[in-house]
Every structure is written in C-alpha cells, then in structure tokens.
Amino acid sequence: QKVIVGHAVRGTLLWTGVVAAALENGRGDYLAAASRVWENMVERRMYVTGGVGAVAEYEGFGKDYELPNTGYLETCASVGAGFFHEQMARAFADARYADELERVLYNGVLSGVSDRGDSYFYENPLLSSSDHRRWSWHSCPCCPPMFLKITGSLPGYLYATDADSLYVNQYIGSRAKLAIKGTDVALRQTTRYPWDGEITLQVDPAREAEFAINLRLPSWCVEPKLRVNHEPVQAIETVRGYAKLQRTWKPGDVVELSLPMPVRRIKADPKVEANVGRVALARGPIVYCIEAIDNDGHGRDLYLPPDAPLAAEFRPDLFGGMMVVKGKAAIREADPVNRPSPYEFTAIPYFTNTNREPTAMLVWLADTPEKAQRSSLATQATATASHCNPADTVTALNDQTEGPASSDDSTIRRFTWWDHRGTEEWVQYDFAREETVSAVEVYWWDERRIQRHCRVPSSWRLLYQSAEGWKPVSGASDYGTQIDRFNRVTFDPVKTKALRIEVKLQPEWSGGILEWIVE
C-alpha cells in the first residue's frame with residue numbers, strides 16, 4: 001500500500017498498530033509499508049494544523065491535495081495521527097516524526113477541547129462561521145476519551161533512550177528519571193514553551209557518566225543556539241534532526257537550548273486549490289487563526305501583502321496568557337474604485353478558536369486582493385428571517401463564502417425558507433449602529449437544474465427601518481432574479497439600523513439565498 005485511505009480515525013489507528021507490530025516482531029516490511037503511507041499522509045493529505053480526514057461523507061481521507069478549508073478534521077483523527085507519529089518516532093529515532101507529533105498536539109488535538117474543558121469539537125475546520133459551536137456532549141461521544149487517551153500518554157512522549165543516548169523529543173516542563181548505559185539519570189526541564197523557545201535542561205546522573213543527549217531541533221527553527229554549563233556550543237553536531245551532545249555528564253550540568261520564534265508565513269503546495277493565493281501564520285509550533293470577534297467583524301475581506309510587517313505580542317488577559325500575532329493587512333472594499341483600507345489585525349492561536357462567543361474564523365488569509373472577499377456591512381450584521389429550514393442557516397447570508405460557483409452550488413452553506421411554498425417571507429440584517437446604505441447584491445439559491453424544491457422568487461423588494469417602521473427604499477433599480485450571478489440593486493442612500501428583503505415565493509415553490517452583500 002502506498003497511500004492512506006478510508007476512515008481517518010480507523011486508518012491512523014491501523015497504521016499505529018502496524019508500526020507497533022513491526023517493532024515487536026522485527027518486521028521490516030511492515031515498517032517499509034508504514035513509511036510509504038506516513039509520507040503520503042503528511043506530504044499530501046494532512047492540514048497545516050496536523051489534522052487529517054478532509055471528507056465529511058465518510059469521515060475520511062480524500063485524494064492527494066484534497067484539503068478544503070471546510071474539511072471534516074475529526075478530533076479523534078488528530079489523536080490517531082499523533083499516535084502514528086509517535087510510533088514512527090519510536091521506530092526511527094528521527095526528529096521529523098516528533099516534529100509532526102508536536103504540530104498535531106498543539107494544533108489539531110488541542111483545538112478539540114475548550115479552554116474550560118467542559119465542551120469540545122468533533123470537527124475542526126480551518127474556516128468557519130459563527131454557527132460553528134463546541135458541544136457539551138453528543139450521542140457519538142468518541143472525541144473526549146480519545147483526547148484523554150493522548151494526553152494521558154503524553155508523559156511517555158517527552159523523552160526516549162537507546163543503548164547509549166537520551167533523546168529530548170518534546171519541550172514541556174517536566175521531571176523524569178531514566179537509565180542510560182546502566183546509570184540512573186534525573187532530568188528537570190524548565191520552559192515557557194510554546195510562547196518562547198528558551199529551554200533549560202538540568203542533568204543529574206547518579207555518577208559521572210559518558211553518554212549522548214540528543215535535543216530535537218524543530219524544522220521550523222532556523223538558527224537554534226545551544227549552551228552547556230553556560231558555554232556556547234560553537235558547532236552543533238546534528239543527527240537525524242537532533243543536536244547531539246556527546247560528553248561525560250556530571251551532577252548539576254545544565255543544557256540551555258534557544259529556539260528563536262519569529263512570526264513566519266506558510267504557503268501551501270500549489271496543488272492545494274483552496275489555498276492558492278493564501279497564507280497561514282505560525283510562530284514556533286503554533287498555527288494562528290483570525291477571529292472576527294478580534295477584528296471588527298473582518299476576516300475573509302482582509303488580505304496580507306507579502307511585505308506587511310508582522311509581530312508577536314504577549315496578552316496576559318487572554319486564556320491565562322499567550323502570544324498573539326499582529327500585522328498590517330488591507331481590506332478589500334466592496335466598491336472596486338476605492339483604494340484598499342489599511343487594517344491592523346490580531347491573530348490568536350488556532351487551538352483557542354470559538355472559546356469566547358460565536359464568531360467567524362479562518363486560518364488561511366488571502367495574500368492578494370483578488371482572493372479576499374469584498375468588504376460589506378453585511379459581515380458585521382446579525383441576520384434573522386421569517387423562517388429558516390433547520391438544515392440550513394441564516395449565517396450563510398453573510399459568511400463571505402468564496403463563490404458561489406452557481407445558484408445550485410451545494411458545496412457551500414445556504415439559507416432557505418424551505419418548506420414554505422408560495423408564501424411571503426423576509427430576511428433581514430440588523431446593524432450594530434446606524435449605517436448609510438445605498439446598494440445590495442443578492443445571489444439566489446435555485447434548484448431548477450437538479451429538479452428540487454427551490455426557485456428564485458416571483459418578486460422581491462428592499463425595506464429599511466425608520467422611526468415610523470419599515471419603509472421601501474426609493475429610487476431602486478431593477479430587482480433582479482437571475483441565477484448564477486449576483487443581482488445588484490442600487491437605491492437612494494438611507495440611514496438605518498436594519499435592512500430587510502421581502503420576497504413573494506413562486507406558487508408551489510420555496511426559495512433561498514446563498515449570499516447577501518450590503519454597501
């Protein structure tokens with residue numbers, strides 16, 4: 001087998017077992033197969049967060065580079081991937097496997113549980129709207145015990161030994177006792193990792209002894225620095241991604257490893273269609289995301305020029321204290337004539353997303369204006385409706401989804417009045433403050449080609465809220481009902497705190513909207 005396929009949880013757990021069986025029974029052929037499959041998973045079927053399992057339909061792996069940002073990414077699958085990485089690290093003593101374990105622990109796994117520990121995610125997409133919520137429980141309760149299983153196993157993942165060496169695989173404050181070449185060695189690791197890369201390792205062998213200490217040099221770190229007993233190591237010897245310190249160790253020896261953590265940009269493989277023209281932000285092992293709650297409702301309408309400055313800032317008030325990333329982006333205005341508006345954004349660690357209040361979130365930020373969504377008053381509005389099909393959502397109206405590709409694009413979320421037919425219905429935006437509005441664009445949901453239940457309305461109009469109640473806008477252009485396009489309506493500017501679309505559904509038919517933009 002050359003590729004990883006099928007259900008993501010079962011797949012990762014199967015290959016974890018294959019490696020364990022190989023180690024137990026000396027099966028080189030098992031290790032060769034696991035290596036091929038691991039390479040395929042990490043290089044072509046894994047997300048930047050370490051999450052796996054893109055396809056919701058069967059909770060499983062898609063084709064190579066099939067990595068939509070709205071992918072399924074079950075918490076259990078991240079845990080399974082972590083087990084697979086750890087077993088590969090055990091088999092090969094290569095830092096690349098510990099690197100991937102670190103990635104999924106801090107991002108794909110940790111995102112699965114809330115900051116308070118009382119709710120969790122089953123799915124961990126890299127793009128979500130305000131209706132993506134954590135669960136307090138679910139009838140399929142697999143994720144919480146899987147999360148506990150990997151965190152319960154975590155102490156055993158920090159250090160390892162072979163015949164004559166100690167390996168430091170993960171940088172987590174800890175104490176450990178190990179035996180190396182017949183000598184008992186006590187270790188104490190002190191660090192504020194992952195918020196800074198300063199790590200101190202106190203080494204206390206029971207007696208003087210010669211052995212090697214191998215410290216993982218994360219692949220994201222460009223210029224690591226190493227000191228032993230406060231003396232710089234001038235030429236760092238590396239073996240399979242580890243810094244090797246071979247010497248006679250004495251009680252009280254101290255190793256200091258410094259891993260600089262500048263904010264860095266990550267680009268996806270160009271074969272990942274969802275992220276062409278996009279960039280992700282990371283610092284150390286942490287992948288960052290942008291939540292609308294921190295950015296005045298902005299997110300998908302932002303783009304980050306390649307030369308935009310980026311900086312890390314410690315926020316003691318946020319989740320007990322953590323590093324955020326700040327940068328200078330630009331807002332893509334709704335009116336293409338307008339010049340881009342500069343905007344200073346804040347990004348938070350991805351694992352903390354959706355811990356405060358429901359809000360839109362994204363990991364992959366546009367780095368060209370063409371990939372950013374047009375800024376609209378709708379993005380900061382609250383949507384309500386006369387009726388909404390329980391399987392659909394009013395937040396689809398202003399979620400700034402890319403596209404749509406067509407009026408029957410079922411790959412994105414939608415709002416519908418189903419199962420109301422031939423009725424008069426409405427949908428409205430409420431703004432946080434009085435706004436001046438003068439144009440809207442509506443992309444209708446219509447199922448005529450697939451012969452289902454929704455059509456464009458027979459007629460519609462716009463109303464605004466005034467002191468006297470709801471009033472139709474004046475000077476409106478044609479109220480279009482064309483499919484496969486945005487229908488733009490301009491009107492005399494009005495100041496209002498709410499805007500409403502009233503529709504008359506066609507007899508015997510329901511209807512819906514994919515996107516509603518307000519200028």
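Everything numeric here is computed off the predicted structure, so don't read it as measured data.
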Lys NZ or Arg CZ of Arg134 over Phe121 ring: under 6.0 Å, within 45°: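 Output yes; distance and angle both within limits.
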
Within 45° cone of Trp509 ring axis and under 6.0 Å: Arg421 NZ or CZ: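 So Arg421 doesn't make the cation-pi contact.
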
Passing candidate, side chain to side chain contact (heavy atoms under 4.5 Å, CB included) with Val442, options Val518, Thr481, Ile501, Leu397: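 Going through the options one by one, the only one that passes is Ile501.
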
Tell me whether [X] is salt-bridged to [Y], with the criterion being a basic N under 4.0 Å from an acidic carboxylate O.
X: Lys271; Y: Asp64; answer: no
X: Asp392; Y: Arg413; answer: no
X: Glu39; Y: Arg44; answer: no
X: Arg356; Y: Asp294; answer: yes
X: Glu447; Y: Arg449; answer: no
X: Asp367; Y: Lys267; answer: yes
X: Arg315; Y: Asp317; answer: yes
X: Arg90; Y: Glu86; answer: yes

Within the 6.0 Å centroid threshold, strictly below: Trp135 and Tyr122: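 Ring centroids of Trp135 and Tyr122 are less than 6.0 Å from each other.
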
Aromatic ring proximity, centroids under 6.0 angstrom, Tyr159 and Tyr167: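 Between Tyr167 and Tyr159, the centre distance exceeds or equals 6.0 Å.
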
Return the orientation label for the [X] and [Y] ring planes: parallel under 30°, perpendicular over 60°, tilted otherwise.
X: Trp417; Y: Phe415; value: perpendicular
X: Tyr443; Y: Phe486; value: perpendicular
X: Trp444; Y: Trp460; value: perpendicular
X: Tyr97; Y: Trp38; value: perpendicular

Closest contact, heavy atoms only, Asn389 versus His387: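 Of all heavy-atom pairs spanning Asn389 and His387, the closest is N-NE2, 4.0 Å.
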
Any donor-acceptor pair under 3.5 Å from Asn295 side chain to Glu291 backbone: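 Flag set: sc Asn295 to bb Glu291 pair under 3.5 Å.
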
